Amino acid sequence: MVKNNKSKKIVITFGTFDLFHIGHLRILERAAALGDVLLVGVSSDELNFNKKKTYPTYCQQDRMEIVNAIKCVGGVFLEESLEKKREYLLHHKGAILVMGDDWEGKFDEFSDIVEVVYLQRTELISTTEAKNRIIDQAGKVYDPVFP
Ligand code: CTP
């Protein structure tokens, strides 16, 4: 899925990107603006399960397809292990690693091979928040007896 990247400045970022929302779009657009090609490591279903003890709402194939369809994204790959970040960065010839500022300082160990940039997260939105809002609204919409 990765398009022709020869002699381009490659930016790499990682994430789950479940229930794609405006915070996801904004960080991808700002990450892409830092270089020539943006590659996104979309975390696998198993990786999410191991981390959070629950699977994402959308499966990895769908999440990858959605992220790959975003205009500023040059390609996607599956992130199967948190321990393989260095391997992914080297394999895809990344020049810049972008992470949300919730990870500030946590990826500085890779600054020997890439420039590490932490971008500010968009406020007041996350996949978890969206899920909770849907649950909350569903109760109100589908309960005609107690509006
Ligand atoms: N992100 C962002 N602003 C937000 C939410 C996410 O910039 N409001 C960024 C994250 O910092 C990360 C990328 O989007 O670089 C993918 O984040 P992900 O963990 O998939 O999204 P969340 O919405 O934070 O998901 P969750 O609630 O499950 O943690």
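Counting starts at 1 for both ligands and their atoms, in listed order. The model shown is predicted, which means the values in this text are computed figures rather than measured ones.
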**OP:** Say whether E123, considering both its backbone and side-chain N or O atoms, lies within less than 3.5 Å of an N or O atom on ligand 1.
**Re:** no
Original post:
Would you call D102 a ligand 1 contact, heavy-atom distance under 4.0 Å?
Top reply: yes
Original post:
Relative to ligand 1, is T128 under 4.0 angstrom through side chain, backbone, both or neither, heavy atoms considered?
Top reply: both
**OP:** Check step by step if side chain to side chain donor-acceptor pair (under 3.5 Å) holds for D108 and Y118.
**Re:** CA-CA 10 Å; D108 292 356; Y118 301 96; 2.6 Å; yes
**OP:** Drop me the distance from N68's CG to R63's CZ, to the nearest 0.5 angstrom.
**Re:** 14.0 Å
Subject >> Interfacing atoms of ligand 1 (cut-off 4.0 Å, heavy-atom, G100) >> reply: 11 (O), 15 (O)
Original post:
Under 30°, 30 to 60°, or over 60°: which ring-plane class applies to W103 and F107, parallel, tilted or perpendicular?
Top reply: perpendicular
Subject >> Minimum-distance protein heavy atom relative to atom 12 (C) of ligand 1 >> reply: F14 O, 4.3 Å
Original post:
With only distance considered, is H21 within less than 3.5 Å of ligand 1 through an N or O on each side?
Top reply: yes
Original post:
Taking heavy atoms and a distance under 4.0 Å, where does K52 meet ligand 1: side chain, backbone, both or neither?
Top reply: side chain
Original post:
Any side-chain heavy atom of L82 within less than 4.5 Å of one from L47?
Top reply: yes
Original post:
Is there any N or O on T122 that sits under 3.5 Å from an N or O of ligand 1?
Top reply: yes
Subject >> atom 8 (N) of ligand 1 - nearest protein heavy atom and its distance >> reply: I125 O, 2.6 Å
Original post:
Is K53 close enough and on-axis enough to F49, meaning under 6.0 Å and within 45°, for cation-pi?
Top reply: yes
Original post:
In terms of atom number and element, which parts of ligand 1 are under 4.0 angstrom from non-hydrogen atoms of T16?
Top reply: 20 (O)
**OP:** Considering heavy atoms of the protein only, find what lies nearest to atom 5 (C) of ligand 1 and give residue, atom and distance to 0.1 Å.
**Re:** R121 NH2, 3.3 Å
Subject >> Identity of the nearest option to atom 20 (O) of ligand 1, non-hydrogen atoms only, from Y118, F17, F20 >> reply: F17
Original post:
According to the interplanar angle, ranging from 0 to 90°, do the rings of F14 and Y88 count as parallel (below 30°), tilted (30 to 60°) or perpendicular (above 60°)?
Top reply: tilted
Original post:
Heavy-atom distance under 4.5 Å between the side chains of Y55 and N48, does that happen here?
Top reply: no
**OP:** Could you find the nearest protein heavy atom to atom 18 (P) of ligand 1 and give me its residue, atom name and distance?
**Re:** H24 NE2, 3.7 Å
Original post:
Hey, are the side chains of I22 and R26 touching, using non-hydrogen atoms and a 4.5 Å cut-off?
Top reply: yes
Original post:
Would you say T13 has any N or O atom under 3.5 Å from an N or O of ligand 1, going by distance alone?
Top reply: no
Original post:
Which residue, E115, M99, R86, forms the side chain to side chain contact (heavy atoms under 4.5 Å, CB included) with F110?
Top reply: R86
